Amino acid sequence: MRFARVYPASVTSLFAISRAPAWREEWAAQMPKRQRFILGLAKHMPQLLPLIMRATVAFMDKGHAKKLVLSSCQISAADMQALRNAEILGLMAKGCEEGLKQDVEPFCRDCQLAIMDFSDEAKLLKRPSHILQGDLDQIVDISQSKYFVANVPGTTLEIVKGAGQLLIYSHWDHVFRAIRKSKKNSN
């Protein structure tokens, strides 16, 4: 969003996949226990988050990245269906390994960003924002995306049937079609 605000001529539109860049404290209660725990640490005890993430890295280093992905998504039938595809599960596991290979600090910073509301910054953009979210998302409640749409003029929400939090993996073709459509509309 910051790049789009500083260089609007270089951006035609912005996409958020599975989550709007917004946060309200009461939304934590809507999240599954694991995600609520991590974001709660980021908010209330950020100094403990690196310790927990180092333990997570140690677990993955023992060859359990796929187990970690599966346990993180077990609340969502749609995501578990997507993870039955060995390629998707492998990509998710590899992404976890690569994302935490250097250090846990970038992940901890991402957790801090997840509990910030960027609605006011988004209102300053001169380009439209689009949110794609699965109708079966059990991790991020769809009301969060609707909040962003209601508070940031020009934002659209497309609800993807049969998709969960992992829609960029399970419905990647839908994501690319939406991006192409947005590009055509901006020309």
Side-chain angles (χ1 to χ4, degrees), residues 1 14-46 49 52-53 55-57 59-60 64-85 87-100 104 106-119 122 129-152 155-175 178:
M1 285 187 347
L14 291 98
F15 278 84
I17 311 294
S18 298
R19 184 180 183 283
W23 182 252
R24 310 283 300 160
E25 190 61 34
E26 60 269 19
W27 292 347
Q30 300 171 336
M31 302 188 89
K33 188 186 303 185
R34 181 183 306 258
Q35 288 79 3
R36 189 170 56 241
F37 173 72
I38 294 296
L39 293 181
L41 283 177
K43 173 93 175 161
H44 303 289
M45 293 183 275
L49 190 55
I52 299 296
M53 293 317 302
T56 302
V57 169
F59 182 71
M60 288 190 305
H64 300 302
K66 289 180 180 178
K67 283 183 185 178
L68 177 70
V69 170
L70 289 167
S71 68
S72 296
C73 295
Q74 67 187 359
I75 191 167
S76 171
D79 291 334
M80 292 302 285
Q81 176 66 32
L83 292 171
R84 285 189 188 99
N85 178 315
E87 184 178 14
I88 292 174
L89 179 57
L91 287 169
M92 291 291 299
K94 185 74 170 167
C96 288
E97 292 167 345
E98 292 297 321
L100 293 170
V104 298
F107 176 82
C108 295
R109 281 194 302 274
D110 281 351
C111 289
Q112 294 291 325
L113 291 172
I115 56 173
M116 294 175 69
D117 190 337
F118 292 94
S119 299
S129 293
H130 308 283
I131 303 168
L132 296 173
Q133 187 165 356
D135 67 335
L136 301 176
D137 192 332
Q138 297 296 306
I139 308 297
V140 176
D141 193 87
I142 206 148
S143 64
Q144 296 176 25
S145 293
K146 290 178 179 178
Y147 165 88
F148 191 80
V149 169
N151 286 286
V152 179
T155 301
T156 60
L157 170 62
E158 184 175 345
I159 299 172
V160 181
K161 296 277 185 210
Q165 178 69 195
L166 302 181
L167 80 87
I168 197 162
Y169 291 97
S170 63
H171 293 70
W172 59 268
D173 54 336
H174 189 101
V175 173

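Just the heavy atoms: all of them, side chains too, but no hydrogens, waters or symmetry mates, feed the values below. Here the structure is a predicted model, which means the values were calculated and not measured.
I52 contributes atom CD1, which lies 11.5 Å from atom SG of C111 (distance to the nearest 0.5 angstrom).
Side-chain contact annotation: Q81 with R84, donor-acceptor N/O pair under 3.5 Å present. Between the side chains of Q144 and Q30, at least one donor N or O lies within less than 3.5 Å of an accepting N or O.
For A22 against W27, the heavy-atom pair with the smallest separation is O-CZ3, 3.3 Å. The two residues C73 and L83 have their closest heavy-atom pair at CB-CD1, 3.7 Å. Residues L132 and A178 approach most closely at CD1-CB, 4.0 Å, considering heavy atoms. Of all the heavy atoms in I115 and A42, the pair that sits closest is CD1-C, 3.8 Å.
Annotation: side chain of V57 is not in contact with side chain of F107 (no heavy-atom distance under 4.5 Å). Under the 4.5 Å side-chain criterion, counting only non-hydrogen atoms from C-beta, D137 is not in contact with I142. Here the side chains of L157 and F148 are not in contact, with every heavy-atom distance at 4.5 Å or above. Within the 4.5 Å cutoff, no side-chain heavy atoms of Q165 are placed close to those of S76. By the 4.5 Å heavy-atom criterion applied to side chains, V175 and F15 are not counted as neighbours.
For the pair R19 (side chain) and A114 (backbone), a donor-acceptor distance under 3.5 Å is present. S129 places no side-chain N or O within 3.5 Å of a backbone atom of L14 that could act as its donor or acceptor partner.
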